[in-house]
2 protein chains.
Amino acid sequence: MAADPGQALFPSRGHDHAACVAGALERAAGICARRGARLTPIRRRVLELVWASHAPIGAYDILARMEPESRRSAPATVYRALDFLMAHGFVHRLSSVNAYVGCGFPDNPHMAQFLICKECGAVAEMDEPRIEQAIGSAAAQAGFAVESPVVEVRGRCPACRKEGAPDARP
Amino acid sequence: MAADPGQALFPSRGHDHAACVAGALERAAGICARRGARLTPIRRRVLELVWASHAPIGAYDILARMEPESRRSAPATVYRALDFLMAHGFVHRLSSVNAYVGCGFPDNPHMAQFLICKECGAVAEMDEPRIEQAIGSAAAQAGFAVESPVVEVRGRCPACRKEGAPDARP
DNA sequence: TTCATTATGATATAATGTATCATCTCCGGC
DNA sequence: GCCGGAGATGATACATTATATCATAATGAA
């Protein structure tokens with residue numbers, strides 16, 4: 001199931017993130033088992049690193065954290081794993097920041113919208129029918145057939161707004 | 001003025017594109033004059049190349065088209081010109097394709113949404129209040145302060161839909 | 001086991017974007 | 001006209017992100 005509209009979207013700062021990561025890995029393993037897909041050690045490790053990062057993480061940052069000594073991986077290794085994980089909906093790519101985030105709702109395919117905090121990097125994933133509808137009807141008026149909408153909203157998350165300076169007034 | 005909701009968004013295939021380019025250059029020159037900004041030959045040339053391309057054009061493609069013989073420019077030259085043009089609203093960057101398009105409504109600042117044809121590359125720029133509102137209210141519910149929304153919709157434009165295979169059914 | 005498929009290793013290279021410092025050009029004030 | 005400062009460009013180097021290619025290894029099915 002996708003995110004419910006109106007739910008609390010940003011994780012609280014003090015939450016048990018290790019449990020998030022573990023849960024995501026477990027769900028991914030279950031989904032792969034049902035689909036006959038292979039969650040290999042490399043793919044599992046990349047998924048773990050993506051989830052472990054609070055902010056969106058770049059492919060080369062993932063690479064840098066992958067077992068520095070033993071077998072050093074090449075960029076292609078990471079990109080291949082990311083391709084697999086994206087194909088199965090376990091991670092999303094944020095093209096406005098060239099980085100990747102774990103998907104909180106991998107069970108069915110969906111086209112998410114993202115809120116990205118420019119200060120702490122926190123990301124909230126939404127699945128808002130109203131946004132999709134607004135895009136869909138505007139596109140339809142233009143005679144355009146939507147395939148994959150990219151919605152990535154830069155701004156400040158609740159926690160950073162509480163802590164820091166007031167919001168910019170443009 | 002920004003795009004009117006509901007207007008014809010994609011340029012017709014047979015339109016006089018040279019006139020589009022000339023018009024865009026003239027408008028930019030006028031705006032720069034009013035603002036005391038300098039539309040130098042390089043900036044003007046980059047703007048012209050962006051407009052002359054039907055599809056979004058990459059920085060290195062611009063570079064490749066810039067007077068091959070005489071003074072060869074460096075990447076930074078192009079990026080600096082693009083920074084200037086973006087700061088003044090003459091071009092937009094499409095981060096989902098790492099490329100740039102001319103802005104049809106440079107007179108006042110706005111946050112546009114884009115429809116990008118995956119086949120011919122045609123881009124339509126919209127300024128749909130309903131999309132902005134949907135994003136704004138979803139963000140507000142999450143306690144998020146919007147600064148710059150990125151909305152880039154990949155799909156098929158009217159002309160390509162008429163010509164080619166039927167739309168994919170996902 | 002054998003074979004086909006899939007995944008990974010390894011190397012090279014492409015594509016996109018920045019940093020830095022020197023030089024030049026333009027324009028206002030003298 | 002000249003000077004001086006700000007902004008613009010030249011030039012070089014480098015950083016970051018992503019892909020291509022071919023060889024090898026692991027997996028799973030007949």
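Quick note on labels: first sequence line is chain A, next is B, and so on, each numbered from 1. Since we're looking at a predicted model, the values are computed, not measured.
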Short side-chain N/O contact to dT8(C) OP1/OP2 from S73(A), under 4.0 Å: no
Atom pair CG/CD1 of N98(B) and I57(B) - distance to nearest 0.5 Å: 13.5 Å
Taking every non-hydrogen atom, the tightest pair across C103(A) and W51(A): O-CZ2, 3.3 Å
OG1-CD1 distance between T77(A) and I62(A), expressed to the nearest 0.5 angstrom: 12.0 Å
Which residues share a ring-ring contact (aromatic ring centres under 6.0 Å, His included) with F144(A), sequence neighbours left out: F10(B)
Residues that R13(B) engages under side chain to side chain contact (heavy atoms under 4.5 Å, CB included), provided they are two or more places apart: C120(B), C157(B), A159(B), C160(B), E163(B)
Rounded distance (Å) that lies between atom P of dT19(D) and atom CG of L82(A): 10 Å
For DNA chain D, the residues among residues 86-100 of chain A that have a non-hydrogen atom under 4.0 Å from it: R93(A), N98(A), Y100(A)
Counterpart residues, side chain to side chain contact (heavy atoms under 4.5 Å, CB included), relative to S137(B) (two or more places apart): R130(A)
Under 3.5 Å: donor-acceptor pair, side chain of H15(A), backbone of S12(A): yes
B/S/- contact track for nucleotides 18-24 of chain C, protein heavy atom under 4.0 Å: BBB----
Charged N-O contact under 4.0 Å between R156(A) and E147(B): no
Gap between atoms CD and C1', on E67(A) and dG9(C) respectively (whole Å): 16 Å
Contact summary for A99(A) and G58(A), nearest pair of heavy atoms: CB-N, 4.0 Å
Spacing of E125(A) atom CD and F114(A) atom CZ [to the nearest 0.5 Å]: 4.5 Å
Within residues 36-56 of chain B, residues whose heavy atoms come under 4.0 Å of DNA chain D: R38(B), T40(B), I42(B), R43(B)
